[in-house]
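Here the structure comes first, spelled out in structure tokens, and everything after it is commentary.
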Number of protein chains: 2
Amino acid sequence: MVSVAEDRIFKALADPSRRAIFESLTRGEAAVKDLTARFDISQPAVSQHLTTLKDAGLVKDRREGRCAYYRVEPRGIKPLIDWIAHHRVFWAEHLGRLEQLLEKMDP
Amino acid sequence: MVSVAEDRIFKALADPSRRAIFESLTRGEAAVKDLTARFDISQPAVSQHLTTLKDAGLVKDRREGRCAYYRVEPRGIKPLIDWIAHHRVFWAEHLGRLEQLLEKMDP
DNA sequence: CCTAAATATAAGTGAACACTTATTGATTAT
DNA sequence: ATAATCAATAAGTGTTCACTTATATTTAGG
């Protein structure tokens with residue numbers, strides 16, 4: 001009855017530091033060292049958060065020499081969208097807003 | 001830089017029991033005793049979860065005599081939708097899917 | 001009234017979690 | 001070779017968290 005993917009995603013995004021890292025990655029691929037420089041937590045902490053995000057399917061990594069580059073995996077957010085969509089009651093109330101959002105988007 | 005509402009919502013939905021309770025409420029208002037009967041956790045646990053959901057703005061309560069009825073607050077999901085919408089990269093990839101979802105919805 | 005029902009709150013407990021420092025492994029540069 | 005850089009893992013720690021049982025509070029019913 002409980003979706004594992006769903007659970008991992010919600011848990012992954014529940015932490016503010018992890019959300020900040022994820023949001024940072026939406027602005028472009030970044031190496032661990034870049035993220036470590038950006039945030040006020042240790043390098044291992046960053047790596048641990050990235051592993052959690054990766055296990056949740058929200059990011060992917062790519063190794064190049066000594067550096068590990070992480071980027072957002074856009075399809076990873078699917079379970080979250082599906083979860084919201086499943087509860088039509090919300091959408092019904094927010095349909096207007098949603099359409100508005102869609103219009104504002106680039107093609 | 002960190003939205004409190006956002007944080008409360010993600011944290012509230014990170015727990016499977018709490019998500020199950022919330023999902024149950026999307027099918028209609030329910031009293032604490034009903035939810036306690038539905039799930040395999042103690043009544044205090046249910047009350048605590050409901051308080052968390054309430055603090056996150058996801059549900060509202062209504063007292064009638066001895067019973068406390070809880071219902072979903074549809075506008076409560078707004079910060080979550082806003083968060084997703086804010087990261088257009090995701091939406092761009094899933095625009096097709098989204099439009100599909102919107103079409104399937106009742107007017 | 002007095003009891004039962006419904007809920008919330010208090011207090012305690014074990015597990016999960018978000019960090020830390022130390023270390024290891026691997027790659028690049030001198 | 002050797003040293004430096006980058007990242008992951010190990011291990012430890014304090015806090016948060018999701019439960020539990022026990023208790024208090026309010027309301028309904030015999």
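Computed over heavy atoms, backbone and side chain alike; hydrogens, waters and symmetry mates excluded. So that the names make sense, note that chain A is the first sequence line, chain B the second, and so on, each numbered from 1. Everything numeric here is computed off the predicted structure, so don't read it as measured data.
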Query raised in the report: Do the side chain of B/Arg18 and the main chain of B/Ala12 share a donor and acceptor less than 3.5 angstrom apart?
Result: yes
Figure out the [atom1]/[atom2] separation between [X] and [N], and round it to whole Å.
X: B/Phe39; N: D/dA18; atom1: CZ; atom2: P; result: 15 Å
X: B/Arg63; N: C/dA6; atom1: CZ; atom2: P; result: 12 Å
X: B/Arg62; N: D/dT27; atom1: CZ; atom2: P; result: 15 Å
X: A/Lys54; N: D/dA7; atom1: NZ; atom2: P; result: 14 Å
X: B/Arg38; N: C/dA6; atom1: CZ; atom2: P; result: 14 Å
X: B/Ile21; N: D/dC19; atom1: CD1; atom2: C1'; result: 12 Å
X: A/Leu53; N: C/dC17; atom1: CG; atom2: P; result: 14 Å
X: B/Leu35; N: C/dA8; atom1: CG; atom2: P; result: 10 Å

Requested in this report: Please assess B/Leu50 against B/Leu35 for the test side chain to side chain contact (heavy atoms under 4.5 Å, CB included), listing each intermediate value before the final yes or no.
Outcome: CA-CA 10 Å; B/Leu50 287 168; B/Leu35 297 168; 4.0 Å; yes
Query - Residues that A/Ala5 engages under side chain to side chain contact (heavy atoms under 4.5 Å, CB included), provided they are two or more places apart - result: A/Ser3, A/Pro79
**Report entry** All side chain to side chain contact (heavy atoms under 4.5 Å, CB included) counterparts of A/Thr51, not counting sequence neighbours
**Finding:** A/Asp55
Query raised in the report: Mind checking what makes side-chain hydrogen bond (donor to acceptor under 3.5 Å, both in side chains) contact with A/Ser47, not counting sequence neighbours?
Result: A/Gln43
Query raised in the report: Among all residues two or more places apart in sequence or in another chain, which pass the side-chain hydrogen bond (donor to acceptor under 3.5 Å, both in side chains) test with A/Arg19?
Result: B/Asp7
Using the test salt bridge (charged side-chain N to carboxylate O under 4.0 Å, His left out), find all partners of [X] that sit at least two apart in sequence or belong to another chain.
X: A/Arg71; answer: none
X: A/Arg66; answer: none
X: A/Asp61; answer: A/Lys54

What N/O pairs connect the protein and nucleotides 26-30 of chain C at under 3.5 Å? Give each pair on its own line.
none

Report summary line: residues 25-39 of chain A vs salt bridge (Lys or Arg N to Asp or Glu O under 4.0 Å), sequence neighbours excluded, gives A/Glu29-A/Arg62
Requested in this report: Report the residues that fulfil ring pair (Phe, Tyr, Trp, His ring centres under 6.0 Å) with A/Tyr70, sequence neighbours left out, ordered by chain and then residue number.
Outcome: none
Query raised in the report: Which part of the nucleic acid, if any, lies within contact of B/Tyr70, taking any heavy atom under 4.0 Å across all strands shown: a base, the sugar-phosphate backbone alone, or nothing?
Result: sugar-phosphate
Query raised in the report: Which of residues 8-19 of chain B sit near DNA chain C, with a heavy atom under 4.0 Å from it?
Result: none
Interface polar pairs with nucleotides 20-23 of chain D, N/O, under 3.5 angstrom:
{"residue": "D/dT20", "atom": "OP2", "partner": "B/Ser42", "partner atom": "N", "Å": "3.0"}
{"residue": "D/dT20", "atom": "OP2", "partner": "B/Ser42", "partner atom": "OG", "Å": "2.5"}
{"residue": "D/dT20", "atom": "O4", "partner": "B/Gln48", "partner atom": "NE2", "Å": "3.0"}

Query raised in the report: Any side-chain N or O of A/His49 less than 4.0 Å from the OP1 or OP2 oxygen of C/dC19?
Result: yes
